[in-house]
Amino acid sequence: MPLKKMLLSASLLGLFAVLGTALVTFTYESTHERIAQNERNVLLRSLHALIPPERHDNDLVSDSIAVTDAALLGSPLPQQVYRARQGGAPVALALTAVAPDGYSGDINLLIAINHDGSLAGVRVTAHRETPGLGDKVDVARTDWVHAFAGRSLSNPPPEKWKVKKDGGVFDQFTGATVTPRAVVKAVRNALDYYQQHRDTLFDGGSDAAQEVPHG
């Protein structure tokens, strides 16, 4: 190839590279703030479904910390804790947790716990359970998950924190016991975690993320 054509080709490639980079940069700069705001709004809607805005006067998203406890929170990865306060006093928190023994793997949960240790509510945020069977843990499919609201470590008694098939009080699904069994166990474990760390979980500034050591 003549030198002149080689230089022309190289120049064109360089030009396309510069234009491509500029286009990507422009797209990112013009959309990343909007995307971040949309993600924040989605998160807030999920949190407010369990802890209504009239129950707190702080920013749940900013007032968050990361904690780790693979045994009780179902994952070795950090889990988020969003804290609700009214006039600076603790009201409730919503923590993420994982039920690792679902029928098709991990079931991600958002578990809201009132300061007194009772459950404000539970939501399944992600799962790969069988459509029409295990996916009934999803609030979009059934109201099964609402059965947790108001429960605590003593309600029902510890030996009854199981699905009915195992002698507990929580319904299972026809043909799909593994999934509700995994969720019940994960919620119970999250309550155990809360009981062990309640005071520590509400420590710290309202805008600072921090690691809470686990036992």
Asp57/Arg85 under salt bridge (Lys or Arg N to Asp or Glu O under 4.0 Å): CA gap, chis, key distance, verdict: CA-CA 6 Å; Asp57 58 10; Arg85 308 175 198 265; over 6 Å; no
Chi angles and distances behind the side-chain contact (heavy atoms from CB on, under 4.5 Å) call for Ile35, Glu39: CA-CA 6 Å; Ile35 292 172; Glu39 291 175 345; 3.7 Å; yes
Residue pair Val145, Val137: steps toward the side-chain contact (heavy atoms from CB on, under 4.5 Å) verdict: CA-CA 6 Å; Val145 77; Val137 294; 5.9 Å; no
Val163/Asp171 under side-chain contact (heavy atoms from CB on, under 4.5 Å): CA gap, chis, key distance, verdict: CA-CA 6 Å; Val163 296; Asp171 289 333; over 6 Å; no
Pair Trp161-Phe170, ring-ring contact (aromatic ring centres under 6.0 Å, His included): steps then yes or no: CA-CA 7 Å; Trp161 264 93; Phe170 296 97; 5.0 Å; yes
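From Thr179, atom OG1 reaches atom CD of Gln172 across 12.0 Å, with rounding to the nearest 0.5 Å. The line from OG1 of Thr130 to NE2 of His127 is 10.0 Å long, rounded to the nearest 0.5 Å. Here CD of Gln79 is found 9.0 Å from OG1 of Thr68. Values are rounded to the nearest 0.5 Å. For the atom pair Leu93 CG and Phe202 CZ, the distance stands at 4.0 Å (nearest 0.5 Å). Between the CD1 atom of Ile65 and the CZ atom of Arg83 there is a distance of 4.5 Å, given to the nearest 0.5 Å. Rounded to the nearest 0.5 Å, atoms CD1 (Ile107) and CZ (Arg128) are 9.5 Å apart.
Residues Val183 and Phe148 are in side-chain contact: their nearest non-hydrogen atoms beyond the backbone lie under 4.5 Å apart. Residues Arg198 and Ile113 have side chains not in contact (no heavy-atom distance under 4.5 Å, counting atoms from C-beta outward). Put simply, the side chain of Asp138 does not reach to within 4.5 Å of the side chain of Trp144, judged on heavy atoms. Between Leu133 and Phe173, the closest side-chain pair of non-hydrogen atoms is not below 4.5 Å. The side-chain heavy atoms of Arg141 and Pro131, taken from C-beta on, include no pair separated by under 4.5 Å. Here the side chains of Pro156 and Arg151 are in contact, with some heavy-atom distance below 4.5 Å. Using a 4.5 Å cut-off on side-chain heavy atoms (C-beta onward), Ser62 and Arg40 make contact. Contact annotation: the side chain of Val67 approaches that of Leu201 to within less than 4.5 Å [non-hydrogen atoms, C-beta and beyond].
Side chain of Thr142 to main chain of Lys136: a donor-acceptor pair is present (N/O by atom type, distance under 3.5 Å, no hydrogens or angles). No donor-acceptor pair closer than 3.5 Å links the side chain of Lys162 to the backbone N or O of Val169. Between the Asp166 side chain and the Gly168 main chain, no donor and acceptor come within less than 3.5 Å of each other.
A side chain to side chain contact (heavy atoms under 4.5 Å, CB included) with Val122 is found for one member of Leu110, Val139, Leu50, Ile111 and no other, namely Ile111.
Checked by atom type, the side-chain pair Asn114/Arg55 shows a donor-acceptor distance below 3.5 Å. Asn41 and Gln37 form a side-chain donor-acceptor contact under 3.5 Å, judged by distance and modelled atom types alone. Thr96 and Gln80 share no side-chain donor-acceptor pair at under 3.5 Å.
Linking Ile, Leu, Val, Met, Phe, Trp and Tyr whenever their side-chain heavy atoms come within less than 4.5 Å puts Leu109 and Val81 in one cluster. Ile51 and Val124 fall into different hydrophobic clusters, defined by Ile, Leu, Val, Met, Phe, Trp and Tyr side-chain heavy atoms under 4.5 Å apart, directly or through other members.
Of all non-hydrogen atoms in Gly117 and Ser152, the two that sit nearest each other are O-CB, 3.7 Å. Counting all heavy atoms, side chain and backbone alike, Arg123 lies closest to His146 at NH2-CE1, 3.6 Å. Closest approach of Ser75 and Val98 over heavy atoms only: CB-CG2, 4.0 Å. Contact record, His197 with Asp69: NE2-OD2, 4.4 Å, taken as the closest heavy-atom pair. Minimum interatomic distance between Asp101 and Val178 (heavy atoms only, all atoms of both residues): O-CG1, 3.7 Å. Nearest approach of Leu60 to Tyr82, heavy atoms of both residues: O-CD2, 3.5 Å.
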